[in-house]
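Throughout, protein chains are lettered first and strands after them, A, B, ... in sequence-line order, and every chain is numbered starting at 1.
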Amino acid sequence: MEIFHEHSWDLTIAEAKVVQEKLKNKVILEDQLPTINYVAGVDVSYDKQKGITQAAIAVLNFPQLELQTHALARCKTAFPYVPGYLSFREIPAILEALNAVTIQPDLILCDGQGTAHPRRLGIACHLGVLINKPTIGVAKSWLTGDYEQVPLTQGSWQPLTSEGETIGAVLRTRTGIKPVFVSPGHQISLPTAIRYTLACTSKYRLPETTRWADKLAALQ
DNA sequence: GCGACAG
DNA sequence: ATCTTGTCGC
């Protein structure tokens, strides 16, 4: 896995903020997708006792959404969880898992925000810019931004806005179920990110990619 | 100063 | 994220 914008992971919060301000200028919010044959979900779990971070990547074929392969990677937890800086805690392990997986995905769905972030560089953007690949942020809960009530029917969505700009969408993936927060990560537009999120979702609230990664990350 | 805060 | 039983509803 080639890294495009290498930087240290041994940083203070203030230094991490500088990295975010610099990398946000590298984010591409236009569609630059290849033919999508494989989609992946990434997720991270923690062993609080041992101070270990474990990342899982699940690669599914598209549009069938059947699990093709997966990889796990563990590394020492080196960064605390601070809202707005999640990527500095999770990406090191994710890069190792991506390095180990045998089928490189054409699109990655991340567990967390993309541009719906205080400095527009959520984990999906950060990962996408580093590996120069299309990514989408699909978060289970709110981090920042304002939005109106979302209609109850599946596929309905409302823009997530901040300071006059649209930074993502609150999307109802299942009728009557709590919506998810979708935002572009890298090399993708918001409408396309919404379309692929729905295309990767079948019977449950979360995309199949995320559900598989969640399940695999829980393995020890 | 007060409230909010992805995983 | 993680700690945790039963329970309401399709």
Side-chain angles (χ1 to χ4, degrees), chain A residues 9 11 13-14 16-17 19-20 23-24 27 40-58 72-97 108-130 135-147 152-154 160-163 167-186 190 193 197 202-207 209-220:
Chain A
W9 295 101
L11 306 168
I13 296 295
K17 185 172 184 176
V19 169
Q20 291 180 328
L23 291 184
K24 74 176 178 185
V27 174
V42 292
D43 188 44
V44 169
S45 63
Y46 303 96
D47 183 325
K48 192 177 179 182
Q49 303 301 313
K50 299 180 179 178
I52 294 292
T53 296
Q54 172 164 279
I57 174 163
L72 295 176
R74 321 188 80 191
C75 62
K76 209 161 134 187
T77 305
F79 203 90
Y81 169 65
V82 180
Y85 298 88
L86 176 68
S87 59
F88 293 89
R89 181 171 168 80
E90 302 197 339
I91 288 185
I94 291 173
L95 290 178
E96 282 193 28
I108 300 173
L109 278 69
C110 301
D111 201 352
Q113 317 288 348
T115 53
H117 175 278
R119 287 165 295 286
R120 312 293 176 261
L121 196 88
I123 187 168
C125 301
H126 196 161
L127 180 64
V129 166
L130 287 189
T135 56
I136 300 173
V138 181
K140 295 183 290 294
S141 59
W142 178 92
L143 173 62
T144 191
D146 308 304
Y147 63 98
L152 291 173
T153 58
Q154 194 239 37
L160 233 197
T161 62
S162 179
E163 296 157 2
I167 58 174
V170 187
L171 173 68
R172 196 80 72 173
T173 53
R174 300 293 294 163
T175 297
I177 303 297
K178 178 182 176 182
V180 296
F181 296 76
V182 176
S183 55
H186 189 48
L190 178 59
T197 297
S202 51
K203 195 181 182 219
Y204 303 93
R205 177 168 85 119
L206 300 177
T209 42
T210 306
R211 299 187 72 248
W212 270 113
D214 275 348
K215 192 172 302 182
L216 295 166
L219 259 43
Q220 312 193 47

Salt-bridge present (A/Lys215, A/Asp43; N to O < 4.0 Å):
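Between A/Asp43 and A/Lys215 there is no salt bridge, as every charged N stays at least 4.0 Å from the carboxylate O atoms.
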Could you go through nucleotides 5-7 of chain B and list every protein N or O atom that sits under 3.5 Å from one of its N or O atoms, giving the distance for each pair?
residue : atom : partner  : partner atom : Å
B/dA6   : OP2  : A/Tyr81  : OH           : 2.3
B/dA6   : O3'  : A/Ser141 : OG           : 3.4
B/dA6   : N7   : A/Gly84  : N            : 3.1
B/dA6   : N6   : A/Gly84  : O            : 3.1
B/dA6   : N6   : A/Tyr85  : N            : 3.2
B/dA6   : N6   : A/Leu86  : N            : 3.1
B/dA6   : N1   : A/Ile123 : N            : 3.3
B/dA6   : N3   : A/Gln113 : N            : 3.1
B/dG7   : OP1  : A/Lys140 : N            : 2.8
B/dG7   : OP2  : A/Ser141 : OG           : 2.8

Nearest-angstrom distance from the residue atom [atom1] of [X] to [atom2] of [N]:
| X | N | atom1 | atom2 | answer |
| --- | --- | --- | --- | --- |
| A/Lys48 | C/dT4 | NZ | P | 11 Å |
| A/Asp214 | C/dA1 | CG | P | 7 Å |
| A/Ile177 | C/dG9 | CD1 | P | 14 Å |
| A/Lys215 | C/dA1 | NZ | P | 15 Å |

Would you check if the side chain of [X] reaches a backbone N or O of [Y] as a donor-acceptor pair within less than 3.5 Å?
| X | Y | answer |
| --- | --- | --- |
| A/Thr77 | A/Gly51 | yes |
| A/Thr175 | A/Gln154 | yes |
| A/Gln113 | A/Gly137 | no |

Any donor-acceptor N or O pair under 3.5 Å, side chains A/Tyr81, A/Glu90
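There is no such pair (donor and acceptor under 3.5 Å, judged by atom type) between the side chains of A/Tyr81 and A/Glu90.
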For A/His126 and A/Trp9, take the angle between the two ring planes, folded into 0 to 90°, and tell me which bin it lands in: parallel under 30, tilted 30 to 60, perpendicular over 60.
parallel
